[in-house]
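Okay, structure first, notes after.
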Amino acid sequence: MDTTDLDAAPPRWRDGLHDARRLAAPFWRSDRAAWAQLAALVALTLALVWINVRFSAWNSAFYDALQAHDLKAFWQQLGLFCALAAAYIVLAVVRLVAQQRLVMRWRQGMTEHLLAGWLQPGTPYRLSSARTLDNPDQRVADDVRNFVSSTLDLGLGLLNAGVTLVSFVAILWGLSGSLHVPWPGAGWNLPGYMVWAALAYAGIGSVLVRRIGAPLVPVNARQQQVEADFRYGLVQVRDHAEAIAMARGEAAEQRRLHVRFDALRANWDDLIRYTKRLTWFSAGYGQLANVFPLVAAAPRYFAGGIQLGGLMQTAQAFGQVQGALSWFVDAYASLADWRATVLRLGRFVDALAEHAPAPQQADLADAAAALTARRLRVAVPDASATLVDVPRLDLRPGEWVLLTGPSGSGKSSLLRTLAGLWPAGEGEVRLPAGTMVVPQRPYLPAGTLADALAYPEAAARFDEGALREALSHVGLGALAGSLQVDDAWARRLSPGEQQRLQFARLLLQQPRWALLDEATSALDGDSQRQVLQQLRLQLPGLAVLHVAHRQELQCLHDRVLQVTGGKLVAATSR
């Protein structure tokens with residue numbers, strides 16, 4: 001679980017704007033066509049504001065016609081209203097479609113950028129091993145969607161508020177007249193008093209809503225996390241249904257899910273409490289705004305300074321100015337949710353940078369003609385304790401080396417370090433390009449058997465005859481007729497069959513270097529020997545570093561190395 005999202009000091013809004021700019025920059029720097037879409041959205045927003053300005057003038061003329069009992073003017077103004085309303089509806093629909101298209105374009109670009117960073121060699125593994133970041137899948141799927149849509153909504157809303165303010169403040173100033181203030185002394189006249197009233201009303205509201213709604217940012221961030229944790233628990237039950245059923249673990253899983261849901265519910269209660277406080281204020285604030293301008297303008301109306309149309313136009317202009325100035329009040333709940341999303345995505349981007357592969361690793365891989373390690377210190381990530389010291393390790397082309405040692409001695413950790421999955425504490429590793437790593441627990445992606453066999457390559461790259469032959473060599477010939485069957489192969493095949501399938505991948509893709517991590521642990525002795533012999537027979541130039549426990553494997557390798565006492569030493573030779 002990523003506790004940094006929850007336990008850090010309350011985030012500052014200035015940092016949120018910086019993080020948002022950092023998140024948005026890669027897309028907007030690379031996609032010029034998106035700027036044209038954004039410009040169209042801005043133009044449509046300005047056009048809608050212009051129609052609202054026309055509605056303000058229409059308000060005055062319409063109510064003046066009502067007050068004068070002018071039927072002809074009444075019908076003329078009604079016709080003008082229909083034209084303005086039709087234009088407003090058309091522009092609003094066009095803007096909605098344009099905004100949704102830009103949302104998907106931006107989401108696609110940002111998703112591709114984050115996936116490119118997340119799926120760098122070894123990065124997902126290093127992130128999961130470090131355990132400093134929760135639910136990266138949710139951050140890519142849900143948080144990116146929320147960030148893009150909320151940023152556009154809030155940005156266009158702020159633009160609309162700013163342009164509305166500029167457009168209507170002059171109208172309201174002209175309609176307001178002056179208000180005589182009787183203090184001090186003989187008093188003085190306050191010009192454009194309705195504008196000052198709107199500023200005071202919105203300013204007080206903004207200060208109060210900031211104080212009332214401040215707790216919503218960390219609570220929203222926590223809600224996103226506990227929702228993802230609960231969903232992840234459900235996915236675990238689905239993916240490990242067989243193991244849970246065999247262990248009769250349904251009750252235990254139910255208890256675990258109850259604990260996660262209780263955390264979700266408790267945070268939801270906090271969210272309700274803080275949202276309730278904010279809603280008490282914002283609802284009252286909004287209702288008072290409906291009558292406040294009428295009350296403020298009423299003295300001039302009853303004194304005969306303005307007609308009914310002027311009163312209604314003043315109220316409408318005040319509402320527009322006050323609404324623009326109160327944008328922060330109305331949008332605070334959305335801003336809090338947006339800030340929480342930015343916080344999670346910003347931490348995700350920082351984690352990607354922290355756990356990215358070392359820049360020099362690719363260069364070394366391309367240049368290396370053999371797998372070598374010099375003065376290597378293997379340590380658990382984010383820990384100083386040394387697991388294994390490797391003064392020198394060489395794996396020459398075509399050589400098979402067995403790596404043995406007690407359980408927990410660091411053999412698999414050494415393999416991960418050689419493969420670049422874990423950073424080396426000290427020393428130098430040179431890894432040949434195209435080295436295949438075969439883990440103990442195979443990964444079989446969803447899709448056809450051919451997709452699982454060819455992974456990570458595309459199945460279309462290989463002839464179907466080659467696929468069948470690879471299966472036959474590892475004792476899976478009975479599955480040759482199911483190559484195009486789409487199934488959950490990770491559940492359908494036994495652990496031993498899945499390990500055989502990994503060796504079929506080796507035969508199919510024919511690498512020159514392979515690192516095997518307990519890759520035959522689910523096979524019996526005879527099956528293990530047959531698979532390894534086939535691998536050596538079919539790929540005579542393959543170099544193998546094989547982590548295993550079984551003594552009977554020594555005769556199938558050229559050399560044996562052993563991890564003992566925290567050091568890598570030569571054990572026996574063939």
Side-chain angles (χ1 to χ4, degrees), residues 111-112 115 118-119 121 124-125 128 136-137 140-141 231-250 253 434-511 514-539 542 544:
T111 299
E112 290 174 352
L115 286 178
W118 185 33
L119 297 179
Y125 176 80
S128 63
D137 53 312
V140 174
R231 186 165 56 248
Y232 179 69
L234 295 173
V235 170
Q236 282 189 307
V237 173
R238 182 197 67 190
D239 290 347
H240 302 283
E242 182 181 5
I244 292 170
M246 289 183 174
R248 298 294 187 265
E250 289 84 0
E253 293 304 315
T435 300
M436 284 190 66
V437 182
V438 183
Q440 181 179 10
R441 289 186 292 239
Y443 170 62
L444 275 60
T448 66
L449 180 60
D451 293 330
L453 176 57
Y455 184 84
E457 304 291 340
R461 178 187 166 190
F462 302 100
D463 179 77
E464 187 161 321
L467 297 174
R468 293 172 180 271
E469 185 178 3
L471 290 175
S472 177
H473 283 314
V474 297
L476 295 178
L479 295 175
S482 303
L483 283 170
Q484 302 309 320
V485 174
D486 194 328
D487 202 347
W489 292 102
R491 289 198 289 268
R492 178 171 170 180
L493 299 181
S494 69
E497 289 174 321
Q498 293 183 41
Q499 288 191 340
R500 287 174 183 267
L501 191 68
Q502 288 196 119
F503 282 97
R505 284 179 187 166
L506 282 171
L507 295 175
L508 190 66
Q509 299 181 28
Q510 301 183 3
L515 306 180
L516 312 183
D517 184 14
E518 301 283 1
T520 61
S521 59
L523 300 177
D524 61 78
D526 291 339
S527 299
Q528 175 183 247
R529 185 167 48 256
Q530 291 169 6
V531 166
L532 294 176
Q533 286 174 342
Q534 279 293 320
L535 186 63
R536 193 150 199 177
L537 178 65
Q538 300 299 326
L539 301 178
L542 177 67
V544 172

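Just the heavy atoms: all of them, side chains too, but no hydrogens, waters or symmetry mates, feed the values below.
- The main-chain N or O of L507 is never found under 3.5 Å from a side-chain atom of Q538 such that the two would form a donor-acceptor pair.
- Residues F503 and L532 are in side-chain contact: their nearest non-hydrogen atoms beyond the backbone lie under 4.5 Å apart.
- Contact of the E253 side chain with the Q236 side chain is not registered, since no non-hydrogen atoms from C-beta on lie closer than 4.5 Å.
- One distance of note links CG of L539 with CD of Q534; it measures 10.0 Å at 0.5 Å rounding.
- Note that CG of L471 and CG of L449 are 6.0 Å apart. Values are rounded to the nearest 0.5 Å.
- For R505, there are no salt bridge (charged side-chain N to carboxylate O under 4.0 Å, His left out) partners two or more places apart in sequence or in a different chain.
- Counting heavy atoms from C-beta on, the side chains of E250 and I244 come closer than 4.5 Å.
- Contact record, L542 with P511: CD1-O, 3.2 Å, taken as the closest heavy-atom pair.
- Between P124 and L119 the shortest heavy-atom distance is CG-CD2, 3.9 Å.
- Listed for the T520 side chain is no donor-acceptor partner under 3.5 Å among the backbone atoms of L523.
- Atom CG in L508 sits 15.0 Å away from atom OH in Y455 (nearest 0.5 Å).
- In this structure a side-chain-to-backbone donor-acceptor pair under 3.5 Å is missing from Q530 to V474.
- A450 approaches Q484 most closely through the heavy-atom pair CB-NE2, 4.1 Å.
- Going from atom CD of Q502 over to atom CE of M436 covers 8.0 Å, rounded to the nearest 0.5 Å.
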Test log, rule side-chain contact (heavy atoms from CB on, under 4.5 Å), inputs T448 and L483: CA-CA 6 Å; T448 66; L483 283 170; over 6 Å; no
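- Of all the heavy atoms in R500 and S527, the pair that sits closest is NH2-OG, 2.9 Å.
- Listed by chain and number, the residues in a side-chain contact (heavy atoms from CB on, under 4.5 Å) with D487 are V485, W489, R492 (sequence neighbours excluded).
- Proximity of L476 to L493: side-chain heavy atoms (C-beta onward) are nowhere separated by under 4.5 Å.
- Going from atom CD of Q533 over to atom CD of Q528 covers 10.5 Å, rounded to the nearest 0.5 Å.
- Side-chain atoms of Q440 and Q499, non-hydrogen and from C-beta on, do get closer than 4.5 Å to each other.
- Taking CG of L506 as the start and CG of L501 as the end, the distance is 10.5 Å to the nearest 0.5 Å.
- The two residues A519 and V438 make their nearest non-hydrogen contact at CB-CG1, 3.7 Å.
- In terms of heavy-atom proximity, L444 sits nearest to A452 at CG-CB, 4.2 Å.
- Formation of a donor-acceptor pair under 3.5 Å by the Q509 side chain with backbone atoms of A454 is found in this model.
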